[in-house]
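The structure appears below as structure tokens.
Quantities reported herein were computed from a predicted structural model and do not represent experimental measurements. What you see below is based on every heavy atom in this structure, not just the backbone, and it leaves out hydrogens, waters and symmetry mates. Here is the naming used below: chain letters follow the sequence lines, and residue numbers restart at 1 for every chain.
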There are 2 protein chains.
Amino acid sequence: MTKRDQLGNFELMVMLALIRLGDNAYGVPISEELEKRTGRDVAIGSVYAALERLEDKGFVTSELGEATPERGGRAKRYFRVTARGLREVRETQRALVNLWHGLPELEGGKA
Amino acid sequence: MTKRDQLGNFELMVMLALIRLGDNAYGVPISEELEKRTGRDVAIGSVYAALERLEDKGFVTSELGEATPERGGRAKRYFRVTARGLREVRETQRALVNLWHGLPELEGGKA
DNA sequence: CATTTATTCAAGTATAGTGAATAAATCACC
DNA sequence: GGTGATTTATTCACTATACTTGAATAAATG
């Protein structure tokens, strides 16, 4: 019955990319950041799907960027994490770190 | 078409509990370890389901315990992580740590 | 056969991955 | 100044995989 709205693996990664990107967090750079730091291919569609779920859960908010930049292309939709979202990220991080802390098999993954 | 067999969030946690438990890794203590370190309720059925997926992926192996212990109850099924499983855990850990490394919002989650 | 300890099953919901379609802006050209 | 090509970005429809839950089953002992 618990409706806990936990973070999935990919959702957590998206949240972390979002935090790092700050004011420049929208679809494309989020995707690039994930590829760069994880070394895995990231389908952009997955990113948007995760962002939508996260917004539904109240972990991020979004707003459209300015309507007429001096380049071609559609307007960007900027995302930012909410206080609740940040709390949830910390919570998930804490759980993981508790689980792997002190395991000699997992050295080098430090902080 | 990519069949990458990545670790889900819960699967990762189960793997970590498995590593920590060593020779005593079977359903019940795995579940307890998870509850203890994450602070979240864990349905034992979820643990078994994850273990089965992990075994399918070649990340863990299992074998039945001795048939006649001096207590009631069915025989235990012991699990252990494979070399490939350990590699995958390290890989996932590395990706996460890369993503949160250096973010001031996430201090205190150290190693 | 009652009790204990443990695993398995079935069926539902949630999360993730993919490729193609659509949207909204600028630019070049006449 | 209207039209279509180009650019940048988001959305959609579907499929696949992961997770959850509660109840059922299994295998041992007293």
Single hit among A/Ile19, A/Leu18, A/Val60 for side chain to side chain contact (heavy atoms under 4.5 Å, CB included) with A/Leu86: A/Ile19
Enumerate the residues from residues 7-21 of chain A whose closest heavy atom to DNA chain D is under 4.0 Å, giving them by residue number; use none for an empty result. none
Starting at CD of B/Glu52 and ending at P of D/dT20, how long is that distance when rounded to a whole Å? 15 Å
Contact class for A/Ala49 (heavy atom, under 4.0 Å): base, sugar-phosphate, or nothing? nothing
Pick the nucleotide of DNA chain C nearest each of B/Pro29 and A/Ala50; which residue has the one closer to the 5' end? B/Pro29
Mind jotting down which residue pairs meet the salt bridge (charged side-chain N to carboxylate O under 4.0 Å, His left out) criterion with at least one end in residues 12-31 of chain B? Sequence neighbours excluded, please. B/Arg20-B/Glu33
Classify B/Gly45 by what it touches in the nucleic acid, base, sugar-phosphate, or nothing, heavy-atom distance under 4.0 Å. base
A/Ile44 CD1 - C/dT22 P separation (whole Å): 19 Å
A/Arg77 CZ to C/dA23 P, straight-line distance once rounded to whole Å: 16 Å
Take the protein atom CG of A/Leu51 and the nucleotide atom P of C/dA16, then report the distance between them rounded to whole Å. 11 Å
Separation of A/Gln6 atom CD from C/dT15 atom C1', in whole Å? 12 Å
Report yes if a side-chain nitrogen or oxygen of A/Arg53 is closer than 4.0 Å to either non-bridging phosphate oxygen (OP1 or OP2) of C/dA14; otherwise report no. no
Atom-pair distance (CZ on B/Phe79; C1' on C/dA6), nearest Å: 11 Å
Where do N or O atoms of nucleotides 3-5 of chain C meet protein N or O atoms at under 3.5 Å, pair by pair?
residue: C/dT4; atom: O2; partner: B/Gly73; partner atom: N; Å: 3.0
residue: C/dT5; atom: O2; partner: B/Arg74; partner atom: N; Å: 2.9

Which residues pass the side chain to side chain contact (heavy atoms under 4.5 Å, CB included) test with A/Asp41, sequence neighbours left out? A/Glu35
Mind checking whether B/Leu34 and A/Leu99 have side chains closer than 4.5 Å, heavy atoms only? yes
Using the side chain to side chain donor-acceptor pair (under 3.5 Å) criterion, which residues pair with A/Ser62? Sequence neighbours excluded. A/Glu55, A/Arg77
Qualifying residues under side chain to side chain contact (heavy atoms under 4.5 Å, CB included), relative to A/Glu52, sequence neighbours excluded: none
Any pair with a residue in residues 78-87 of chain A that passes salt bridge (charged side-chain N to carboxylate O under 4.0 Å, His left out), sequence neighbours left out, goes on the list, sorted by first then second residue, please. none
Kindly write out the residues that satisfy side chain to side chain donor-acceptor pair (under 3.5 Å) with B/Lys57, not counting sequence neighbours, or none if the list is empty. B/Glu11
To the nearest Å, how far apart are A/Asp41 CG and C/dA16 P? 17 Å
From CZ of A/Arg40 over to C1' of C/dA16, roughly how many Å is that when rounded to an integer? 12 Å
Got a sec, which residues hit side chain to side chain donor-acceptor pair (under 3.5 Å) with A/Thr82, two or more places apart in sequence or on another chain? none
